[in-house]
Amino acid sequence: AGAAGVVAPGLFTAEAEAAIAGSHKRSLSFRSLHTGETLSATYFSDGRYDPRALADMAELLRDWRTGEVGQIDPALYDLLFALRRRLRSDKPFNVISGYRCPRTNAMLASQSGGVAKQSLHMQGKAIDIALPGRTLREVRQAALDLRQGGVGLYTRSGFVHVDTGRVRQWG
């Protein structure tokens, strides 16, 4: 999706495109499990993305280890919007990890084989989440059904990874 707010054809499944396109306003709510911060924002209305809301959401999704704020791909927000609609939830997403600066990612990758050296978190195209009232398996299955990118299940760590990269799955 670009700055004009148009959904790119072929990027999302027909069902996801309909859910996104049929929404004149798109809102999301987050709770950062590491900082305790919460945010509810309408990030899309009147046919375009709201720069202030995008900046506020990027601030909440910053690398909590360093405080570095990264650019978040608006398509990631659209993926989360479609996911929340599919799960019929108005609860805030619990955020485990949003943006990661390269230094943090390198540190995590050196400690765990489960962290990609070229993680999409560094590009603002990935997020690790849980959704209150839904099991991790429900969130995972809903994300897989949307076919909008990568989906990883991390049951021991208590989250589902979703990204706007190529369609793939693990965990």
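These values consider heavy atoms only, across backbone and side chains, with no hydrogens, waters or symmetry-generated copies.
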- prompt: Do any N or O atoms from the side chain of Ser119 and from the backbone of Ala116 form a donor-acceptor pair under 3.5 angstrom?
  reply: no

field: Polar side-chain atom of Asp56 near backbone of Tyr43 as donor-acceptor pair, under 3.5 Å
entry: no

Hphob cluster co-occupancy, [X] + [Y], side-chain heavy atoms under 4.5 angstrom:
{"X": "Leu28", "Y": "Leu76", "answer": "yes"}
{"X": "Ile96", "Y": "Leu60", "answer": "no"}
{"X": "Trp64", "Y": "Met57", "answer": "no"}
{"X": "Ile127", "Y": "Phe159", "answer": "no"}
{"X": "Val151", "Y": "Phe81", "answer": "yes"}

Pair Arg26-Asp78, side-chain contact (heavy atoms from CB on, under 4.5 Å): steps then yes or no: CA-CA 8 Å; Arg26 301 177 206 154; Asp78 288 340; 3.0 Å; yes

message: Set out, in order, the CA-CA distance, both residues' side-chain angles and the distance that settles side-chain contact (heavy atoms from CB on, under 4.5 Å) for Asn94 and Arg31, then state yes or no.
response: CA-CA 5 Å; Asn94 285 337; Arg31 179 172 165 255; 3.4 Å; yes

Can you tell me which residue pairs pass the salt bridge (Lys or Arg N to Asp or Glu O under 4.0 Å) test with a partner in [range], sequence neighbours excluded?
{"range": "residues 93-109", "value": "Arg100-Asp128"}
{"range": "residues 149-168", "value": "Asp163-Arg168"}
{"range": "residues 88-97", "value": "none"}

Within the supplied structure, the quantity of interest is the number of heavy atoms (other residues, nucleotides, ligands) at a distance under 6.0 Å from [X] [atom1]; does it exceed 12?
{"X": "Arg65", "atom1": "CZ", "answer": "yes"}
{"X": "Glu59", "atom1": "CD", "answer": "yes"}
{"X": "Gln118", "atom1": "CD", "answer": "no"}

What's the shortest heavy-atom distance between [X] and [Y], and which atoms?
{"X": "Leu131", "Y": "Pro92", "result": "CD1-O, 3.8 Å"}
{"X": "Leu87", "Y": "Glu138", "result": "CD2-O, 3.7 Å"}
{"X": "Ser89", "Y": "Pro132", "result": "OG-O, 4.5 Å"}
{"X": "Leu83", "Y": "Ala143", "result": "CD1-N, 3.5 Å"}
{"X": "Ala82", "Y": "Leu146", "result": "C-CD1, 3.9 Å"}

task: Please assess Leu54 against Tyr77 for the test side-chain contact (heavy atoms from CB on, under 4.5 Å), listing each intermediate value before the final yes or no.
output: CA-CA 9 Å; Leu54 294 177; Tyr77 297 132; 3.6 Å; yes

task: Quick one: list whatever passes side chain to side chain donor-acceptor pair (under 3.5 Å) with Arg140, sequence neighbours left out.
output: Gln169

Side chain to side chain donor-acceptor pair (under 3.5 Å) partners for Thr42, two or more places apart: Ser27

task: Please report the C-alpha distance between Arg137 and Thr155 in whole Å, then the side-chain angles of each, then the deciding distance to 0.1 Å, and finally whether the side-chain contact (heavy atoms from CB on, under 4.5 Å) criterion is met.
output: CA-CA 9 Å; Arg137 293 195 186 284; Thr155 51; 4.3 Å; yes

- line: residues 96-129 vs ring-ring contact (aromatic ring centres under 6.0 Å, His included), sequence neighbours excluded, gives His121-His161

